[in-house]
Amino acid sequence: MRVVKTFFYRVYQVFVAFPVTILMTIWTATVVGIGCTIGNGHYWGYYPGRWWARVIARVFLLPVKVEGREHLTENQSYVFVANHQGAFDIFLIYGFLGRNFKWMMKYQLKKIPFVGYACAKSHQIFVDRRGTAKVRATYKAARHILETGNCSVVVFPEGARSFTGHMGAFKKGAFALADELQLPVVPMTINGSFNVMPRTRDWHFINWHPLTLTIHQPIPPVSQGADNVQSTLQQSYDVIMSALTPEYQGFIENPDQ
């Protein structure tokens with residue numbers, strides 16, 4: 001029976017889900033590009049992407065559960081940090097977090113057709129580590145966004161998707177940014193994305209599996225400086241790890257970090 005269900009789900013992906021995803025991506029990139037050029041970039045840089053992510057999650061028939069939105073305060077900027085299980089982390093957070101934010105993402109993503117264009121036009125923050133000046137420019141852009149509007153940033157502090165579903169080490173950048181601006185850090189745990197499409201199976205069929213986004217209590221700054229950065233990083237790591245499903249508990253080094 002499971003083999004039959006898998007077969008029909010794959011047929012559905014070929015004839016429905018994949019074509020809708022392609023069309024939605026082209027449409028969203030076009031709308032974001034036009035909207036950010038002639039209108040309010042704060043609006044057009046977020047809402048079309050949110051609709052795009054929600055449609056794609058729904059068209060693949062993936063159940064989505066979000067826990068912990070009540071922990072967030074209206075009109076408060078946050079630095080959101082999450083584990084990075086797979087490509088569907090993007091759709092889960094963008095579509096269902098429910099907060100206007102900018103992504104901090106690898107500069108290489110600029111090369112993805114349509115998606116890279118839309119990200120550039122909507123002023124997502126490309127993290128470029130190819131030199132000190134480029135790193136400074138990255139964090140200058142993030143500071144500007146957080147200081148000049150009701151907007152947050154979302155960061156995957158592992159810096160790369162997991163090969164195993166387990167968490168690797170966290171980099172300090174997001175926590176240093178929160179420390180500098182004295183903003184709360186909000187840890188988020190993603191479950192299910194690795195099961196849907198693990199990194200080792202990019203460009204393959206999607207596996208049906210529920211997705212869960214757990215939004216934990218914000219961690220406010222208690223001081224400023226290196227101790228606060230390290231403390232916030234460790235607290236975030238521990239609380240994200242604590243909500244992972246048992247099969248993905250525990251640290252496994254990611255060679256791509």
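Across Thr25 and Trp52, no two heavy atoms sit closer than the pair OG1-NE1, 3.0 Å. Closest heavy-atom contact between Val79 and Ala178: CG2-CB, 3.9 Å. Smallest separation of non-hydrogen atoms from Ser77 and Pro184: O-CD, 3.8 Å. Here the closest heavy-atom approach between residue Asp179 and residue Gly225 is recorded as OD1-N, 3.0 Å. Listed here is the closest heavy atom pair of Phe251 and Tyr237: CD1-OH, 3.3 Å. Between Leu146 and Cys151, the shortest heavy-atom distance links the atoms CD2-O, 3.6 Å.
Ser231 places no side-chain N or O within 3.5 Å of a backbone atom of Asn228 that could act as its donor or acceptor partner. Remark: the backbone N or O of Glu180 is paired with a side-chain donor or acceptor of Gln224 at under 3.5 angstrom.
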Report the C-alpha separation of Gln85 and Leu244 in whole Å, then their side-chain angles, then the decisive distance to 0.1 Å, and conclude whether the side-chain contact (heavy atoms from CB on, under 4.5 Å) test is met.
CA-CA 11 Å; Gln85 278 202 335; Leu244 284 172; 4.0 Å; yes
Kindly indicate, with the supporting measurements, whether the criterion side-chain contact (heavy atoms from CB on, under 4.5 Å) is fulfilled by Lys172 and Gln230.
CA-CA 8 Å; Lys172 293 183 179 180; Gln230 185 58 41; 3.6 Å; yes
Hey, mind stepping through Glu247 and Asn195 against side-chain contact (heavy atoms from CB on, under 4.5 Å) and telling me if it holds?
CA-CA 11 Å; Glu247 63 183 313; Asn195 302 80; 4.2 Å; yes
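Relative orientation of the Phe156 and His84 rings is parallel, given thresholds of 30° and 60° on the angle between their planes. Ring-plane geometry between Tyr46 and Tyr94 is classed as tilted, the angle between the planes lying from 30 to 60 degrees on a 0 to 90 degree scale.
In this structure the side chain of Thr73 reaches within 4.5 angstrom of the side chain of Tyr78, judged on heavy atoms. No side-chain heavy atom of Met167 sits less than 4.5 Å from a side-chain heavy atom of Ser162. Under the 4.5 Å side-chain criterion, counting only non-hydrogen atoms from C-beta, Met188 is not in contact with Thr214. Contact check for Arg99 versus Ile93: no side-chain heavy atoms found under the 4.5 Å cut-off. In this structure, Val196 and Ser193 have side chains that are not in contact, with every pair of non-hydrogen atoms separated by 4.5 Å or more. Side-chain atoms of Ile219 and Pro187, non-hydrogen and from C-beta on, do get closer than 4.5 Å to each other. In this structure, Leu97 and Ile215 have side chains that are in contact, with non-hydrogen atoms separated by less than 4.5 Å. Under the 4.5 Å side-chain criterion, counting only non-hydrogen atoms from C-beta, Met197 is not in contact with Asn207.
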For residues 53-66, tabulate all N or O donor-acceptor pairs below 3.5 Å that involve a side-chain atom, not counting sequence neighbours.
| from | atom 1 | to | atom 2 | distance (Å) |
| --- | --- | --- | --- | --- |
| Arg54 | NH1 | Gly95 | O | 2.8 |
| Lys65 | NZ | Glu67 | OE2 | 3.1 |

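Note: Arg201 CZ to Ile206 CD1 = 9.5 Å, rounded to the nearest 0.5 Å. Put simply, OG1 on Thr245 and CD1 on Ile190 are 12.5 Å apart, with the number rounded to the nearest 0.5 Å. A distance of 12.0 Å separates CZ of Arg143 from CG of Leu183, quoted to the nearest 0.5 Å. Taking CH2 of Trp27 as the reference point, atom OG1 of Thr30 lies at 9.5 Å (rounded to 0.5 Å). Note that NE2 of His42 is 12.5 Å distant from OG of Ser122, once rounded to the nearest 0.5 Å. Lys5 contributes atom NZ, which lies 15.5 Å from atom CZ of Arg10 (distance to the nearest 0.5 angstrom).
Connection of Met24 to Phe15 is established within a shared hydrophobic cluster, with ILVMFWY side chains joined at heavy-atom distances below 4.5 Å, either directly or through further cluster members. Note on Val16 and Ile22: separate hydrophobic clusters, where clusters join Ile, Leu, Val, Met, Phe, Trp and Tyr whose side-chain heavy atoms are under 4.5 Å apart, directly or indirectly. Both Trp44 and Val115 are part of a single hydrophobic cluster, where members link through side-chain heavy atoms under 4.5 Å apart. Under the 4.5 Å side-chain heavy-atom criterion for grouping Ile, Leu, Val, Met, Phe, Trp and Tyr, Phe96 is connected to Ile90 within one hydrophobic cluster. Following chains of ILVMFWY side-chain contacts shorter than 4.5 Å, one cannot reach Phe114 starting from Leu23, and the two form parts of different hydrophobic clusters.
Side chain to side chain, Thr28 and Trp51 fail the donor-acceptor criterion of an N or O pair below 3.5 Å.
Taking 4.0 Å as the cut-off between side-chain N and carboxylate O, Glu158 and Lys171 do not count as a salt-bridged pair. In this structure, Arg161 pairs ionically with Asp202, as a charged nitrogen and a carboxylate oxygen lie closer than 4.0 Å.
Within a 6.0 Å sphere centred on CG of Asp227, other residues, nucleotides and ligands contribute 12 heavy atoms or fewer.
When the salt bridge (charged side-chain N to carboxylate O under 4.0 Å, His left out) test is applied to Arg69, no partner is found at least two apart in sequence or on another chain.
Screening Leu233, Asn83, Val155 for a side-chain contact (heavy atoms from CB on, under 4.5 Å) with Phe170, the sole residue that qualifies is Leu233.
Ring pair Phe80/Phe101: centre-to-centre distance not below 6.0 Å. Aromatic ring centres of Phe88 and Phe91 lie closer together than 6.0 Å.
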